[in-house]
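Just passing along the structure, written as C-alpha cells.
Excluded from the calculations below are hydrogen atoms, water molecules and symmetry mates; all remaining heavy atoms, backbone and side chain alike, are included. Numbering of residues begins at 1 and proceeds along the displayed sequence.
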Amino acid sequence: MNTTVDEVLAQAGAGRFQRRLMMIFGLVWAADAMQVVAVGFAAPSIAAQFGLGVAQAAQQTGTLFFLGMFVGAALFGRIADRIGRRNVLLLTVACDAVFGLASAFAPSFEALLVLRFLTGMAVGGTLPVDYAMMAEFLPPKNRGRWLVWLEGFWAVGTLIVALTAWYAAASGVAAPYRLIYIVAALPALIGIFLRLWVPESPMFLIRTGRADEARQVLDRVRAANGVAPMRADAVLTVPVPTPGEGLFSGGLARTTVAVMALWFLVSLSYYGVFVWLPARLATEGFGFVRGYGFLVVLALAQLPGYALAAWGVERIGRRATLQAFLLISAAGCMAFVLAGTPVMIAASLIVMSFALLGTWGALYAFTPELYPTTLRGTGMGTAGAMARLGGIAAPSLLRSVIERDFGLAIGVFAALLVLAAAVTLLIGRETRDASIV
C-alpha cells in the first residue's frame, strides 16, 4: 500500500510530538528575534560606550548584522537541501549562541561589528531551515496555524528584549547593550542541547533514498501522539521531481519572483520601523510617547496580531490573510504620518506593530508551502536572503531620510506595503489544506 508523508502525518494528527517541536523551535526563534531587535535597543548604549552617534551605531551594527543574515540565509538554506535539516539546525544554533554571547564582551567596536556579522550569519541560517523543517512535520490541516504560532515566538523575544532594556535603563546598568546581548544568547545556548532531540525530516530522508529511516521517524511521531505504528505493508512514496526543477524554472518562476519581492518589501518596511523606533523612543520620543515602557506596549501589541493571523490563514486562506495585514500595516503607517497628537501617534504605532507582525505570520505560513521538499530549504533561504537585503537597506540607505523626517520615512513604508499587497496577486494559487510534496 502506497502512502505519502502527509497522509501518515494526517493520521497521526498534531499532538505531543509537534508541541515539543514547537517549544524547541520556538525557543530559538525567540532568541533569533532578540538578536534582530537588539539592533535598535542596543544602539544608544553602544553609542555611549564607543563615543559614536546613536544613528551611526544603529547603522553600522545593523548593516553588518543584516549582511550576515543575508549570507547565512542564502548559504544554509541550500546546504539544508543537500545534507539535511537537522545538521544545519545544530550548526546554526551553536554559532548563534557562541557569537551572540561573545558580542557582549567585544573589546572594541571593530570586534563588535565582526561578531555581529557572524551572529547574523547564524540567525540568517536558522530562520529558513526552522520553518522548512517545522512545515515538514505538520499535517496539512494544521500547518498554517502552527506555523503562525511558531512565528508568534518572535513577539516573545521582542518583549524580553524590551523588558531587558527597560530594566537596564531603570537600574543604571553599565553598558546595557552587554546585558541585552547576554540575555539574547541564553535561549540559543539552551537550544543547542534541546535540538539533539529533533530527528531528521522524513520528507528529506525519503527524497534522499532513506525510506527506512523515514519510517522510523514517522513511527516515532505516531507513538508520541498515541497512534499505532504504520502498517507493515505501507510503502512511503513521494512525487518524482521534475527534471531540471529549480526556483526559476517551469511554473515556479513567477511565484519565486513574487516571493522575493514580498519578502524584500515587508522586511524593508518592518526593519525600517523597528531598527530606528527603539532608539527614537528611548531618546526624544514623540511627546509623551517615549521610553522603554511604550516599547513594551508595542511588543505586547504583536501577540494579538499573530493570533488573528493564525485564525485567518486557516479560515480565509494564506493569501487573503497576507493581503489584509499588508493593507492594515500600510494604514497604520499613513495614520502615523497624518497624526496630529501624541494619542494618535501612539495609536498608529500600536496598529503598525500589530499588523506588521501579523503580516510576517501569514508570510511565513504561506512561503514554505509554495515549494516542493527538494527546494523548500532553498526557497525559504532565498526568501530570507531577500528579507536580509531589506534589513541591510533599512539602517543604511534610509538613514538620511529618517534623520531628516521620520514621518516621511514612515510614509514611504506605507507605499511599499501597498505595493507588496499588489505583488501577492502574482502568486496564483492558495495553499490552505494542500499537501506539500
Item checked: Arg220 to Trp197, cation-pi by 6.0 Å centre distance and 45° axis angle -> yes
Checklist line | Expected output: side-chain Arg145 to main-chain Ala310 donor-acceptor under 3.5 Å | finding: no
Check: Would Tyr371 and Val259 count as a side chain to side chain contact (heavy atoms under 4.5 Å, CB included) if you check the C-alpha gap in whole Å, the side-chain angles of each, and the deciding distance to 0.1 Å?
Finding: CA-CA 11 Å; Tyr371 294 101; Val259 166; 4.1 Å; yes
Item checked: Side-chain (Arg16) to main-chain (Ala224) donor-acceptor, under 3.5 angstrom -> yes
Next item on the list: Determine yes or no for a side-chain-to-main-chain donor-acceptor pair under 3.5 angstrom, with Arg85 supplying the side chain and Ala80 the backbone.
Entry: yes
Check: What's the shortest heavy-atom distance between Gly390 and Leu268, and which atoms?
Finding: O-CD1, 3.6 Å
Notebook entry, point to check: Do Ser201 and Arg86 meet the criterion of a side-chain donor-acceptor pair at a distance under 3.5 Å?
Noted result: no
Margin query: Once rounded to the nearest 0.5 Å, what's the spacing between atom CG of Leu91 and atom CD1 of Ile192?
Written below: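 Nearest 0.5 Å value for the CG-CD1 distance: 10.5 Å.
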Item checked: Heavy-atom pair of closest approach, residues Ala330 and Val418 ->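 Shortest heavy-atom separation between Ala330 and Val418 comes out as CB-CG2, 3.7 Å.
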Checklist line | Side-chain donor/acceptor of Gln18 to backbone N/O of Phe137, under 3.5 Å | finding: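 The answer is yes, because a donor-acceptor pair under 3.5 Å joins these two groups.
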Next item on the list: Give the minimum heavy-atom separation between Ala155 and Tyr306, together with the two atoms involved.
Entry: CB-CE1, 3.4 Å
Checklist line | Side chain proximity check, Tyr271 to Val39, heavy atoms < 4.5 angstrom | finding: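 With C-beta onward as the side chain, the pair stays apart.
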Next item on the list: Fit a plane to each ring of Tyr177 and Tyr181, take the angle between them on a 0 to 90° scale, and name the class: parallel (under 30°), tilted (30 to 60°) or perpendicular (over 60°).
Entry: perpendicular
Next item on the list: Just say parallel, tilted or perpendicular for the rings of Phe325 and Phe354, cut-offs at 30° and 60°.
Entry: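 Judged by the thresholds at 30° and 60°, the geometry between Phe325 and Phe354 is tilted.
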Item checked: Phe66 vs Val36 side-chain heavy atoms within contact, under 4.5 Å -> yes
Next item on the list: Kindly say whether Ala42 contributes a backbone atom to a donor-acceptor pair with the side chain of Ser45 at under 3.5 angstrom?
Entry: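 Present.
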Next item on the list: Please round to the nearest 0.5 Å and tell me the distance separating atom CG of Leu425 and atom CD of Gln323.
Entry: 5.5 Å
Note to self: Determine whether Trp360 and Ser267 satisfy the following criterion, side chain to side chain contact (heavy atoms under 4.5 Å, CB included), listing intermediate values before the conclusion.
What the structure shows: CA-CA 9 Å; Trp360 277 121; Ser267 178; 4.0 Å; yes
Notebook entry, point to check: Is there a side-chain contact between Val28 and Pro187, using heavy atoms and a 4.5 Å cut-off?
Noted result: no
Note to self: If we ignore hydrogens and angles and just use 3.5 Å, is the side chain of Ser353 paired with the main-chain N or O of Ile350 as donor and acceptor?
What the structure shows: no
Check: What residues form a ring pair (Phe, Tyr, Trp, His ring centres under 6.0 Å) with Phe366, not counting sequence neighbours?
Finding: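 Scan of Phe366 (ring pair (Phe, Tyr, Trp, His ring centres under 6.0 Å), adjacent residues dropped) gives none.
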Margin query: Within the structure provided, determine whether Ile79 and Arg82 are in side-chain contact (heavy-atom separation under 4.5 Å).
Written below: no
Next item on the list: Examine distances only and state if a side-chain atom of Thr321 and a backbone atom of Gly317 form a donor-acceptor pair shorter than 3.5 Å.
Entry: yes
Check: Can you check whether Gln60 reaches Arg116 side chain to side chain, under 4.5 Å on heavy atoms?
Finding: no
Notebook entry, point to check: Taking atom CG of Leu262 and atom CG of Leu419, what is their separation to the nearest 0.5 Å?
Noted result: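 Result: 9.0 Å between the selected atoms.
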Next item on the list: Considering non-hydrogen atoms only, spot the tightest contact between Ile180 and Ala38 and give its length.
Entry: CG2-CB, 3.8 Å
Checklist line | Rounded distance (nearest 0.5 Å) linking atom CE of Met121 with atom SG of Cys95 | finding: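 Met121 CE to Cys95 SG: 8.0 Å, rounded to 0.5 Å.
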Next item on the list: Examine the side chains of Thr119 and Gln35 and answer whether a donor and an acceptor come within less than 3.5 Å of each other.
Entry: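 No, no side-chain donor-acceptor contact under 3.5 Å.
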Notebook entry, point to check: When you look at CZ of Arg20, are more than 12 heavy atoms from neighbouring residues, nucleotides or ligands closer to it than 6.0 Å?
Noted result: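 Yes, the 6.0 Å shell around CZ holds more than 12 heavy atoms from other groups.
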Check: Does any non-hydrogen side-chain atom of Thr126 lie less than 4.5 Å from one of Phe76?
Finding: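 Phe76 vs Thr126: side chains apart.
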Item checked: Atom pair CG/CG of Leu363 and Leu147 - distance to nearest 0.5 Å -> 11.5 Å
Next item on the list: Could you label the plane-to-plane angle of the Trp263 and Tyr364 rings as parallel, tilted or perpendicular, counting under 30° as parallel and over 60° as perpendicular?
Entry: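 Rings of Trp263 and Tyr364: perpendicular, as their planes differ by over 60°.
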Next item on the list: Report the C-alpha separation of Met352 and Ser329 in whole Å, then their side-chain angles, then the decisive distance to 0.1 Å, and conclude whether the side chain to side chain contact (heavy atoms under 4.5 Å, CB included) test is met.
Entry: CA-CA 5 Å; Met352 286 160 57; Ser329 299; over 6 Å; no
Item checked: Contact list for residues 89-109, test ring-ring contact (aromatic ring centres under 6.0 Å, His included), sequence neighbours left out -> Phe50-Phe109
Item checked: Criterion side chain to side chain contact (heavy atoms under 4.5 Å, CB included) on Val257 and Leu426, from CA distance to verdict -> CA-CA 9 Å; Val257 170; Leu426 295 176; 5.5 Å; no
Notebook entry, point to check: Between Leu416 and Ser269, which heavy-atom pair has the shortest distance, and what is it?
Noted result: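 Of all heavy-atom pairs spanning Leu416 and Ser269, the closest is CB-OG, 3.8 Å.
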Check: Do any N or O atoms from the side chain of Thr424 and from the backbone of Ala421 form a donor-acceptor pair under 3.5 angstrom?
Finding: yes
Margin query: Checking side-chain polar atoms at under 3.5 Å, does Glu151 have a donor or acceptor matched by the opposite partner on Trp29?
Written below: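 Present: a donor and an acceptor within the cut-off.
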Check: Got a second to check how far Leu417's CG is from Leu356's CG, nearest 0.5 Å?
Finding: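 Rounded to the nearest 0.5 Å, the CG-CG separation comes out at 6.0 Å.
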Item checked: Qualifying salt bridge (Lys or Arg N to Asp or Glu O under 4.0 Å) pairs, either residue in residues 92-115, two or more places apart -> none
Check: With distance as the sole test, does Arg143 use its side chain to make a donor-acceptor pair with the main-chain N or O of Leu138 at under 3.5 Å?
Finding: yes
Checklist line | Check: Phe117 ring centroid to Phe65 ring centroid under 6.0 Å | finding: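 No.
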Next item on the list: Using the six-membered ring wherever Trp is involved, compare the ring planes of Trp154 and Tyr270 and label them parallel, tilted or perpendicular (cut-offs 30° and 60°).
Entry: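 Trp154 and Tyr270: perpendicular rings.
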Checklist line | Glu369 vs Arg318 side-chain heavy atoms within contact, under 4.5 Å | finding: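 Yes; the side chains approach each other to less than 4.5 Å.
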Item checked: Side-chain heavy atoms of Phe336 within contact of Val351, under 4.5 Å ->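 Of all side-chain heavy-atom pairs linking Val351 with Phe336, none is under 4.5 Å.
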Next item on the list: Return the minimal non-hydrogen interatomic distance between Thr92 and Ala122, and the atom names on each side.
Entry: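 In terms of heavy atoms, the two residues are closest at O-CB, 3.4 Å.
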